[in-house]
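Note sheet for the following structure.
From a predicted model like this one, the values you see are computed outputs, not experimental measurements.
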Amino acid sequence: MAEAGDEGTASVEASGFSDLSDSELVEFLDLEEAKESAVSLSKPGPSSELPGKDDKPVSLQNWKRGLDVLSPMERFHLKYLYVTDLCTQNWCELQMVYGKELPGSLTPEKAAVLDTGASIHLAKELELHDLVTVPIATKEDAWAVKFLNILSMIPALQSEGRVREFPVFGEVEGIFLVGVIDELHYTSKGELELAELKTRRRPVLPLPAQKKKDYFQVSLYKYIFDAMVQGKVTPASLIHHTKLCLDKPLGPSVLRHARQGGVSVKSLGDLMELVFLSLTLSDLPAIDTLKLEYIHQETATILGTETVAFEEKEVKSKVQHYVAYWMGHRDPQGVDVEEAWKCRTCDYVDICEWRRGSGVLSSSWEPKAKKVK
DNA sequence: TTTTTTTTTTAT
């Protein structure tokens, strides 16, 4: 399968400070506020002497306030979301928001666990097919590679009965979602099954809260995949959300890869039409079953296998609720008090507004508060 | 914007 290489990324990211848009500047301001909060949380000083409150020019404050009307989609400059964004949102909406605002920082410990998981997934994929790196220069190239993958995976699924890393995309409740299905295969009964592998550092099954998140993830995949094979995800919708330029010429390495794969295509538009036809005319069924498998990273012991029922109504209403945040129809929420234990693994626990606002910081959380008083 | 990779710290 083809992998998009990251040629050209450097020049994109090297854009100068002058390119900074208004809302990007606001993000920096927000960041400073967050730092202030963290400081005042750990060592509260005399409240009237908090610095910097009145320093900002009035015009700047008004400007900032005006930009508050931007939806999170606009504020973060997002054209679409990843399936896993909504899953993180399912775990804790505020944690997801902080992750978008302050990207990057991972503890080495956590990074190592993620890395191991990624390697196991890669090894699984390599069992099924080779990987080819295709250098890309534009987002059009990147999507072209994705399309070429779909074009080769559909016949592979129908003839060999199994593929991994199947790309999915489509509009759900007004928002465009993009993701990758871990594995699709036909069972002995001839049913199309989605299998999602979850590797775990410790040899125990996840808590219900995490299982719920995983159920939601596979449910979203089915929702989008089914829409794709039913012709509900149109090239027009794809173009509308991703703002792909059909007239931008594809890179030479992408064209070469297409040719080698037996796809004679001259433009991205051609390719999209081809994908649409292949998806809808290949007799691909909707996904019949959703399976999750949990294995131990170190020993590869199977910890458990679960089959999930697809509850369309429930998935839809959850997505509607999450989308309401992204569209700016409501503020983000933290976890309920009974799920405050999630905060223990959260990188943003020190700056989290939710914890201060909802009484979670009361005696049971900070026994010190009692002593001090 | 190339998606995803996975959750701790015990002892009661």
Side-chain angles (χ1 to χ4, degrees), chain A residues 1-10 12-13 15 24 73-74 76-88 90-92 95-96 99-100 103-104 106-125 131 133-149 164-169 175-183 196-214 217-218 220-221 224 241-244 251 254 292 294-298 303 335 339-349:
Chain A
M1 214 48 54
E3 239 187 351
D6 56 2
E7 217 175 59
T9 327
V12 171
E13 290 180 357
S15 59
E24 276 171 328
M73 287 302 282
E74 295 165 324
F76 295 123
H77 310 121
L78 301 173
K79 296 201 263 297
Y80 52 82
L81 297 175
Y82 301 140
V83 166
T84 46
D85 287 333
L86 291 203
C87 297
T88 314
N90 179 273
W91 178 259
C92 172
Q95 181 179 332
M96 187 278 303
K100 290 283 180 195
L106 266 183
T107 64
E109 162 114 343
K110 197 186 243 176
V113 179
L114 294 182
D115 215 50
T116 305
S119 309
I120 293 170
H121 278 264
L122 179 60
K124 282 278 210 181
E125 186 181 3
L131 274 180
T133 301
V134 181
I136 55 157
T138 63
K139 66 175 179 177
E140 281 73 18
D141 282 351
W143 278 89
V145 170
K146 192 199 293 282
F147 295 146
L148 289 170
N149 278 337
R164 291 190 65 91
E165 310 291 327
F166 190 96
V168 289
F169 46 81
I175 220 152
F176 203 78
L177 290 180
V178 178
V180 178
I181 294 175
D182 191 26
E183 176 172 324
E196 172 74 30
L197 179 71
K198 295 293 183 197
T199 73
R200 306 201 28 98
R201 192 172 77 81
R202 296 182 170 275
V204 290
L205 277 172
L207 295 169
Q210 191 167 359
K211 282 187 184 175
K212 257 181 46 191
K213 173 174 172 268
D214 297 340
Q217 183 181 3
V218 294
L220 281 176
Y221 288 146
I224 301 169
H241 287 282
T242 57
K243 309 284 187 245
L244 288 169
V254 175
L292 277 156
Y294 298 96
I295 69 166
H296 181 35
Q297 285 192 341
E298 201 180 336
L303 305 172
V335 293
E339 285 202 322
W341 51 267
K342 287 179 177 175
C343 305
R344 277 180 290 180
T345 50
C346 181
D347 294 335
Y348 311 102
V349 64

Atom [atom1] of [X] to atom [atom2] of [N]: distance rounded to whole Å?
{"X": "A/Ile295", "N": "B/dT6", "atom1": "CD1", "atom2": "C1'", "result": "13 Å"}
{"X": "A/Lys124", "N": "B/dT4", "atom1": "NZ", "atom2": "C1'", "result": "17 Å"}
{"X": "A/Tyr82", "N": "B/dT2", "atom1": "OH", "atom2": "P", "result": "7 Å"}
{"X": "A/Ile120", "N": "B/dT4", "atom1": "CD1", "atom2": "P", "result": "18 Å"}
{"X": "A/Leu86", "N": "B/dT3", "atom1": "CG", "atom2": "P", "result": "14 Å"}
{"X": "A/Lys212", "N": "B/dT7", "atom1": "NZ", "atom2": "P", "result": "18 Å"}
{"X": "A/Tyr80", "N": "B/dT1", "atom1": "OH", "atom2": "P", "result": "6 Å"}
{"X": "A/Asp214", "N": "B/dT6", "atom1": "CG", "atom2": "P", "result": "9 Å"}

Check the phosphate of [N] against [X], side-chain N and O only, distance under 4.0 Å to OP1 or OP2. Yes or no?
{"X": "A/Thr84", "N": "B/dT4", "answer": "yes"}
{"X": "A/Lys146", "N": "B/dT3", "answer": "yes"}
{"X": "A/Tyr221", "N": "B/dT4", "answer": "yes"}

Are any side-chain N or O atoms of [X] and backbone N or O atoms of [Y], one a donor and one an acceptor, separated by less than 3.5 Å?
{"X": "A/Thr84", "Y": "A/Cys87", "result": "no"}
{"X": "A/Asp115", "Y": "A/Ala111", "result": "no"}
{"X": "A/Glu3", "Y": "A/Leu131", "result": "no"}

To check you understand the geometry: which heavy-atom pair defines the closest contact between [X] and [Y], and what is its length?
{"X": "A/Gln297", "Y": "A/Gly117", "answer": "NE2-N, 3.4 Å"}
{"X": "A/Gly179", "Y": "A/Val83", "answer": "CA-CG2, 3.9 Å"}
{"X": "A/Tyr348", "Y": "A/Gln95", "answer": "CE1-O, 3.8 Å"}

Under 3.5 Å, which N/O atoms of the protein pair with N/O atoms of nucleotides 8-11 of chain B?
residue : atom : partner  : partner atom : Å
B/dT8   : O2   : A/Arg344 : O            : 3.3

Is B/dT6 syn or anti, taking syn as a glycosidic angle within 90° of 0? anti

Please determine, for the side chain of A/Gln217, which listed nucleotide (B/dT5, B/dT6, B/dT7) has the closest atom?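 Of all the options, the side chain of A/Gln217 is nearest to B/dT5.
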
What's the closest nucleotide to the side chain of A/Thr199 if the choices are B/dT6, B/dT1, B/dT4?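 Selected nucleotide: B/dT6.
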
Using a 4.0 Å heavy-atom cut-off across all strands, classify A/Leu78 as base, sugar-phosphate, or nothing.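 Here A/Leu78 touches the bases of the nucleic acid.
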
Quick one: label A/Val145 by what it contacts on the DNA or RNA (base, sugar-phosphate, nothing), any heavy atom closer than 4.0 Å.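 Counting heavy atoms under 4.0 Å across all strands, no contact is made by A/Val145.
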
Residues, nucleotides or ligands: over 12 heavy atoms within 6.0 Å of A/Glu298 CD: no

Nearest-nucleotide 5' precedence on DNA chain B, A/Asp115 against A/Lys139: A/Lys139

